[in-house]
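Inspection log for the structure reproduced underneath, given as structure tokens.
All chains are named by letter (A, B, ...) in the order of the sequence lines, taking the proteins before the strands, and each is independently numbered beginning at 1. Reckoned from all heavy atoms, side chains included, excluding hydrogens, waters and symmetry mates.
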Protein chains: 2
Amino acid sequence: MKLTSKGRYAVMALVDLARFDNINPVSLRDISLRQGISLDYLEQIFSRLRKREIVQSVRGTQGGYVLNKKAKEIKLSNIFDAVDEKVKTVKCKKESKKGCNGKTTKCLTHNLWDELDSHINNFFEQKSLEDLVKDNAERRI
Amino acid sequence: MKLTSKGRYAVMALVDLARFDNINPVSLRDISLRQGISLDYLEQIFSRLRKREIVQSVRGTQGGYVLNKKAKEIKLSNIFDAVDEKVKTVKCKKESKKGCNGKTTKCLTHNLWDELDSHINNFFEQKSLEDLVKDNAERRI
DNA sequence: TGATACTTGACTATTTTAGTCAGGTTTATA
DNA sequence: TATAAACCTGACTAAAATAGTCAAGTATCA
Ligand code: FES
Ligand code: FES
């Protein structure tokens with residue numbers, strides 16, 4: 001099980017953004033330089049974040065991105081959702097009554113993976129962007 | 001983040017095995033048929049499980065595999081370890097002091113991924129094969 | 001009228017995954 | 001003792017996913 005770089009970069013970029021947010025829009029170019037993420041790739045990511053109304057864009061010179069909600073209200077789960085970083089543990093379709101093996105009952109491990117799914121998603125629902133920024137500020141002192 | 005089929009099948013097969021274990025060795029062919037997993041693939045998986053001493057093999061006709069420890073003592077983490085299903089959340093090398101971006105400090109999100117890593121691995125360390133078999137037996141009633 | 005920065009969509013190399021395939025060796029049992 | 005069941009090993013590969021790049025814009029400020 002591994003985290004994809006889309007999810008990783010999305011969070012990294014948003015933490016960076018959130019730290020400067022109160023003043024001016026932050027340009028992707030700056031984030032790219034500070035965090036070492038390809039600019040083109042960041043653009044893909046922010047396009048999605050904007051569609052999900054996590055950030056707002058400001059065009060033109062001195063433009064950039066701004067948070068569209070309070071950092072406290074942006075959960076990790078929202079971010080991952082936006083960039084399509086899903087947790088996939090069960091193999092079957094959850095709604096269906098069929099198992100992953102094509103049989104009419106769920107497989108021996110279905111329930112386990114389902115628990116795992118919840119376990120991981122809980123984590124994502126509890127962490128907010130604010131938590132991350134604070135955690136980082138403390139570390140700095 | 002998704003579970004690979006190697007990890008999924010390893011657990012599935014072991015639960016199947018554990019249910020019949022007390023009597024005779026269980027052949028991979030049987031597991032293959034019951035669980036709908038390719039025999040050749042199962043062989044790869046069991047080769048690893050044997051090397052880690054999770055199962056024991058019995059060669060020849062009527063042969064098969066037997067658990068090498070009590071089901072209670074086989075944790076999910078042991079199984080995943082054996083088949084190389086790792087949880088990879090941080091991008092950097094944990095031991096190193098360098099960050100994932102090549103800088104001399106850890107990145108803004110390092111700590112978060114590290115927490116996530118522990119969160120997931122906790123789950124794997126708490127579940128034993130016995131739990132899974134029991135859980136399944138209850139469900140059947 | 002630049003320069004800066006967002007916007008969009010297509011494209012691609014690399015890596016990982018999920019197996020298959022071919023050729024063994026061992027041992028119970030008929 | 002022949003035969004078939006079952007383990008054992010390593011190499012190979014098609015397909016999918018990932019992690020980007022590239023190209024061609026549009027909007028806005030100074
Ligand atoms: S994962 Fe749902 S039935 Fe196997
Ligand atoms: S993940 Fe460890 S420094 Fe970025």
Answer yes or no: is there a donor N or O on one side and an acceptor on the other, between the side chain of [X] and the main chain of [Y], under 3.5 Å?
{"X": "A:Asn78", "Y": "A:Lys75", "value": "yes"}
{"X": "B:Glu130", "Y": "B:Glu73", "value": "no"}
{"X": "A:Ser27", "Y": "A:Asp30", "value": "yes"}

For the pair made of [atom1] in [X] and [atom2] in [N], what is the distance, rounded to whole Å?
{"X": "B:Lys6", "N": "C:dT20", "atom1": "NZ", "atom2": "P", "answer": "12 Å"}
{"X": "B:Tyr41", "N": "C:dA22", "atom1": "OH", "atom2": "P", "answer": "19 Å"}
{"X": "B:Lys2", "N": "C:dT17", "atom1": "NZ", "atom2": "P", "answer": "9 Å"}
{"X": "B:Phe46", "N": "C:dG19", "atom1": "CZ", "atom2": "C1'", "answer": "17 Å"}
{"X": "B:Leu42", "N": "C:dA18", "atom1": "CG", "atom2": "P", "answer": "14 Å"}

Rounded (10°) bend between the five-pair end axes of the helix from C:dT1-D:dA30 to C:dA30-D:dT1: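 For the helix from C:dT1-D:dA30 to C:dA30-D:dT1, the axes at opposite ends meet at about 10°.
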Counterpart residues, side chain to side chain donor-acceptor pair (under 3.5 Å), relative to A:Asn24 (two or more places apart):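 None.
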All side chain to side chain donor-acceptor pair (under 3.5 Å) counterparts of A:Asn122, not counting sequence neighbours: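 Here no residue qualifies.
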Verdict with reasoning, A:Glu125 to A:Ser77, per side chain to side chain donor-acceptor pair (under 3.5 Å): CA-CA 5 Å; A:Glu125 264 148 46; A:Ser77 53; 4.6 Å; no
Steps toward side chain to side chain contact (heavy atoms under 4.5 Å, CB included) verdict (A:Glu85, A:Leu3): CA-CA 8 Å; A:Glu85 171 87 34; A:Leu3 196 65; 3.7 Å; yes
Smallest separation among heavy atoms of A:Phe20 and A:Val26, with atom names: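 Shortest heavy-atom separation between A:Phe20 and A:Val26 comes out as CB-CG2, 3.7 Å.
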Shortest non-hydrogen contact between A:Ala13 and A:Phe46, atoms and distance: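 Taking A:Ala13 first and A:Phe46 second, the nearest heavy atoms are CB-CE1, 3.6 Å.
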Hey, can you pull the donor-acceptor pairs under 3.5 Å for the side chains in residues 87-95 of chain A, sequence neighbours left out?
| unit_1 | atom_1 | unit_2 | atom_2 | d |
| --- | --- | --- | --- | --- |
| A:Thr89 | OG1 | A:Trp113 | O | 2.9 |
| A:Lys91 | NZ | B:Tyr9 | OH | 2.8 |
| A:Lys94 | NZ | A:Asp114 | OD1 | 3.3 |

All side-chain contact (heavy atoms from CB on, under 4.5 Å) counterparts of B:Asp84, not counting sequence neighbours: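 Per chain and number, B:Asp84 pairs via side-chain contact (heavy atoms from CB on, under 4.5 Å) with B:Arg48, B:Lys86.
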Listed partners of A:Leu39 passing side-chain contact (heavy atoms from CB on, under 4.5 Å), at least two apart: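 For A:Leu39 the side-chain contact (heavy atoms from CB on, under 4.5 Å) partners, ignoring immediate neighbours, are A:Leu28, A:Ser32, A:Glu43.
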Contact interval (first through last nucleotide) of DNA chain D with protein chain B, 4.0 Å heavy-atom: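 Contacts span D:dA4 to D:dA17, reading 5' to 3'.
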Parallel, tilted or perpendicular: ring planes of A:His119 versus B:Phe123, cut at 30 and 60 degrees: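 Ring orientation of A:His119 relative to B:Phe123: tilted.
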Residues touching DNA chain D, which here means a heavy atom under 4.0 Å, drawn from residues 58-66 of chain A: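 Listed by number, they are A:Arg59, A:Gly60, A:Thr61.
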B:Asn136 side, atom CG; A:Leu112 side, atom CG - distance, nearest 0.5 Å: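 It is 10.0 Å, given to the nearest 0.5 Å.
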First of B:Thr4 and A:Arg29 reached from the 5' end of DNA chain C, by closest nucleotide: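 On the 5' side of the pair lies A:Arg29.
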Extract all donor-acceptor atom pairs below 3.5 Å that involve side chains of residues 52-61 of chain A and protein atoms in other chains or at least two apart in sequence.
| unit_1 | atom_1 | unit_2 | atom_2 | d |
| --- | --- | --- | --- | --- |
| A:Arg52 | NH1 | A:Asp81 | OD2 | 3.4 |

Under-4.0 Å side-chain N/O to phosphate OP1/OP2 contact, A:Ser57 with C:dT7: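 Result: yes.
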Contact list for DNA chain C against residues 83-90 of chain A - heavy-atom distance below 4.0 Å: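 The stretch gives none, as no residue of it lies under 4.0 Å from the strand.
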Listed partners of A:Asp135 passing salt bridge (charged side-chain N to carboxylate O under 4.0 Å, His left out), at least two apart: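 With neighbours one apart ignored, the set is A:Arg139.
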Please write out each protein N/O paired with an N/O of nucleotides 8-14 of chain C under 3.5 Å, distance rounded to 0.1 Å.
| unit_1 | atom_1 | unit_2 | atom_2 | d |
| --- | --- | --- | --- | --- |
| C:dT8 | OP2 | A:Arg50 | NH2 | 2.8 |

